[in-house]
There are 2 protein chains.
Amino acid sequence: MATIKDVARLANVSPSTVSRVLANSPRISEETKRRVRAALEQLNYHPNAFARGLVTNSTGAIGILIPPSAEEFFVNPFFAEWMAGVAEVARQRGVDTVLSTSARGEIEMLDHMIRGRRVDGVLLIGTRRGDPVLKEISKLRCPAVLLGRPADPAHVSWVNNDNQRAAYDATLHLLNLGHRRIGFLGGASDLVVTMDRVAGYRNALVDYGVEPDPRLEVSSFFLEQGGYLGMMRLLAISDRPTAVLCADDVLAFGGMRAAHELGFEVPRDLAIVGFNDIRLAELAHPALTSVRVHMHELGVRSAGLLLEEIDQGKPLQRHVIVNHELVIRYSCGAKPIGTLTT
Amino acid sequence: MATIKDVARLANVSPSTVSRVLANSPRISEETKRRVRAALEQLNYHPNAFARGLVTNSTGAIGILIPPSAEEFFVNPFFAEWMAGVAEVARQRGVDTVLSTSARGEIEMLDHMIRGRRVDGVLLIGTRRGDPVLKEISKLRCPAVLLGRPADPAHVSWVNNDNQRAAYDATLHLLNLGHRRIGFLGGASDLVVTMDRVAGYRNALVDYGVEPDPRLEVSSFFLEQGGYLGMMRLLAISDRPTAVLCADDVLAFGGMRAAHELGFEVPRDLAIVGFNDIRLAELAHPALTSVRVHMHELGVRSAGLLLEEIDQGKPLQRHVIVNHELVIRYSCGAKPIGTLTT
DNA sequence: TTGAAAGCGCTAACAT
DNA sequence: ATGTTAGCGCTTTCAA
């Protein structure tokens, strides 16, 4: 492998000149540039990222801190779409994306990435109450963007939906449709996203004069199977819900399967509303009413913000809220009117 | 940030001793190890990947060369499941996964990754006839594993399904069901995976005494929309097919939507068989008959093979075929009998 | 069992 | 406009 020295020798200049040509410094004569570029070409030179990084202390890469529940991550279309957004801006800006598929704990991963100088900043996916990762981020003072809002005050930028409002809207829709026994099927209950969505759900009930019933709130995991199990529980209780708000479309799919298996017809016997509006929501049978959160844009904004922080070289603590819409289809039993923007 | 020197100073040893302790060299006394480890702990030392990589010439990371059509990649559940498999073994083996979301052309990306020493080896996703990437791989002689078989002889390991056989099986199933006008809806026609699947499809027809009709073979792109468009074309021809084999489940979903829109009922008016057996296949309406290719295992084997090559430090040129099964559900019109293993 | 010293390939003062 | 030099943080001979 040709090094910068080889190129320098061939072009009859010093290594620093080659380095300058590489950086396209204006203080190098065109003539020299030409000569050096010819040598670069001839030796098919390619810079060594290690050597460069060692001195510049920057990597040209951003990291994604994959949560411990990696399966839920990769397999959920939400994340795929989000990553597509991230990848889009990464590609545009010429940086690589590295997945923290290595170490053990989350803190170790973060250290591995940031302190090991493998990436210039990290994208965090979701958070829970008292999240140690966020504490470490604050300590590290490194560029980082969280998807979702932090539960406790923290020194991070984040991009999020107004989940409380979104869940409120969706619940209100169900209430307006005449439902009073409305269930909530969510992910892990200490996840901030879950907390916000239950809160919105409860608020809507209360504002409507309906007493929230804890038995109607079930937490599960973000997989189709999780939705299936959760819905089974919801439909087993004596005074079963006539409508269920699911905090994720995949959960909703699982829920629909469970309902179907138990002989309930959606939406006749049970109304269902999902969250995220993944592509398949439209294709489900019946087509799933869902809160569109603009996953791709969340990804674009996440990466954009992170790259900005990296450029600035410091945490910016900016927050962006991506808006949402309730996309009314058939699973909720309403006559589809298209999209309800809020 | 504490460096190895700081640790050395604090522990009253030389940097090389610290380095040895880090590598857990047996030639260091337990007593010294203890002292050094204490210093490591106290300073919360974390090694700099650049410095280490610069001397060891290895990265502890594997790369995934994202094809130019990045959208099709991220958004297709096939890839998500495959990546989950990759990530699983990467995590197990303690290596990071870097996504080539950077440069422009594919060759540039490969150079960026391999020659830029950002990763120790790469995973390639699919290939086409005369693929320049494979040529570059051969030239670089770097660890690399291709998902799919190369069109032309190449110096790579690969993991694949027997796509020709799989398509043959699926087509045979349709023939046995009484269909004679069978369409094929695939991805880009120069993709090897498409070539193999059409070949299997044609062979089955011929073996059954049915003359293949080129008008019944359409190529599209691997998105739901692609399936929709392709199916529209297939159903528009005068002597329309009564069954269609789709080279991808997402394509099949799009196809079902098109059929539905045109007023055809699946499977009564049109039998559909998909490929990959993504999770949602089971949830579709009607549930999609599909060739299960074991996406997750493909990922596990891909990464496993690559890591093995990296350990050996040289291309191994090994090939693994992951088996497939036809999972019979409702979209093909057969009475579901479960899984047809071959 | 440990230390000293060289060097991985590059960039960035500082000279000229 | 270009060269010289030092050094980024680590590993690894080679010596002791």
Side-chain angles (χ1 to χ4, degrees), chain A residues 1-40 43-61 111-120 313, chain B residues 1-40 43-61 111-120 313:
Chain A
M1 278 282 312
T3 74
I4 209 172
K5 279 187 188 167
D6 301 323
V7 177
R9 201 173 308 125
L10 181 60
N12 249 304
V13 293
S14 73
S16 34
T17 300
V18 177
S19 178
R20 291 188 184 105
V21 173
L22 253 16
N24 201 13
S25 158
R27 321 185 317 167
I28 298 287
S29 74
E30 283 308 317
E31 155 57 12
T32 309
K33 280 190 184 174
R34 235 185 307 282
R35 232 176 44 249
V36 170
R37 291 208 175 103
L40 250 16
L43 294 178
N44 193 225
Y45 170 82
H46 207 90
N48 181 319
F50 289 141
R52 176 174 288 175
L54 188 53
V55 33
T56 63
N57 242 313
S58 88
T59 65
D111 284 351
H112 176 82
M113 294 271 134
I114 295 292
R115 311 197 30 200
R117 299 230 137 41
R118 260 160 262 260
V119 298
D120 297 331
Chain B
M1 279 279 315
T3 74
I4 209 171
K5 279 187 190 169
D6 301 321
V7 177
R9 202 172 308 125
L10 182 60
N12 248 307
V13 293
S14 73
S16 32
T17 298
V18 177
S19 177
R20 289 186 184 106
V21 173
L22 253 17
N24 201 13
S25 158
R27 322 184 317 167
I28 298 286
S29 74
E30 282 308 316
E31 156 57 13
T32 309
K33 279 189 185 171
R34 234 184 309 282
R35 232 177 43 249
V36 171
R37 291 207 176 104
L40 251 14
L43 295 178
N44 193 229
Y45 171 83
H46 207 90
N48 180 319
F50 288 141
R52 176 174 285 177
L54 188 53
V55 31
T56 62
N57 242 312
S58 86
T59 66
D111 284 351
H112 176 81
M113 293 271 134
I114 295 292
R115 310 198 30 199
R117 298 227 139 38
R118 262 161 260 261
V119 298
D120 296 332

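In what follows, chains carry the letters A, B, and so on, assigned in the order in which the sequence lines appear, proteins first and then strands, with residues in each chain numbered from 1. Side chains included, hydrogens not; waters and symmetry mates left out as well; all remaining heavy atoms used.
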Quiz item: Nearest to the side chain of A:Ser16, which nucleotide is it out of D:dG3, C:dG3, D:dC10?
Solution: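 Among the listed nucleotides, the one closest to the side chain of A:Ser16 is D:dG3.
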Quiz item: In terms of side-chain heavy atoms of A:Thr32, which of C:dG9, D:dT2, D:dC10 is nearest?
Solution: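 Side chain of A:Thr32 sits closest to D:dT2.
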Below 4.0 angstrom from OP1 or OP2 of [N], is there any side-chain N or O of [X]?
| X | N | answer |
| --- | --- | --- |
| A:Arg52 | C:dT11 | yes |
| A:Thr56 | D:dC8 | no |
| B:Thr17 | C:dG3 | yes |
| A:Thr3 | C:dG9 | no |

Round to the nearest Å and state the distance from [X] atom [atom1] to [N] atom [atom2].
| X | N | atom1 | atom2 | result |
| --- | --- | --- | --- | --- |
| A:Arg9 | D:dT4 | CZ | P | 14 Å |
| B:Arg27 | D:dT13 | CZ | C1' | 10 Å |
| A:Asp6 | C:dC10 | CG | P | 9 Å |
| A:Arg34 | D:dT2 | CZ | P | 12 Å |
| A:Asn48 | C:dC8 | CG | C1' | 8 Å |
| B:Ile4 | C:dA4 | CD1 | C1' | 14 Å |
| B:Leu54 | C:dG9 | CG | P | 7 Å |
| A:Glu30 | D:dA1 | CD | P | 10 Å |

Self-check item: Along DNA chain C (nearest heavy atom to each residue), the more 5'-positioned of A:Val55 and B:Ser29
Solution: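 Residue closer to the 5' terminus by nearest nucleotide: B:Ser29.
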Quiz item: Where each residue is assigned the nucleotide of DNA chain C containing its nearest heavy atom, which of B:Arg20 and B:Asn57 is assigned the position nearer the 5′ end?
Solution: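 Nearer the 5' end of the strand: B:Arg20.
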Quiz prompt | Check: B:Arg117 side chain, B:Asn57 main-chain N or O, donor-acceptor pair, under 3.5 Å | solution =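 Not at all, since once roles are kept as given, no pair shorter than 3.5 Å links the two residues.
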Quiz item: Counting N and O atoms only, with roles assigned by atom type, does the side chain of A:Arg115 sit under 3.5 Å from a partner on the main chain of B:Asn44, one being a donor and the other an acceptor?
Solution: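 Yes, the answer is positive, given that a donor and an acceptor are paired below the 3.5 Å cut-off.
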Quiz item: Which is it for B:Thr59 and B:Asp120 under the side-chain hydrogen bond (donor to acceptor under 3.5 Å, both in side chains) test, yes or no, and what are the steps along the way?
Solution: CA-CA 6 Å; B:Thr59 66; B:Asp120 296 332; 2.8 Å; yes
Quiz item: How long is the span from the CZ atom in A:Arg37 to the OG1 atom in A:Thr32, to the nearest 0.5 Å?
Solution: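 Separation between the atoms: 10.5 Å.
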Practice problem: Calculate, to the nearest 0.5 Å, the distance between atoms CD1 and OG1 belonging to B:Ile28 and B:Thr17 respectively. | Solution: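 Taking CD1 in B:Ile28 and OG1 in B:Thr17, the distance rounds to 5.0 Å.
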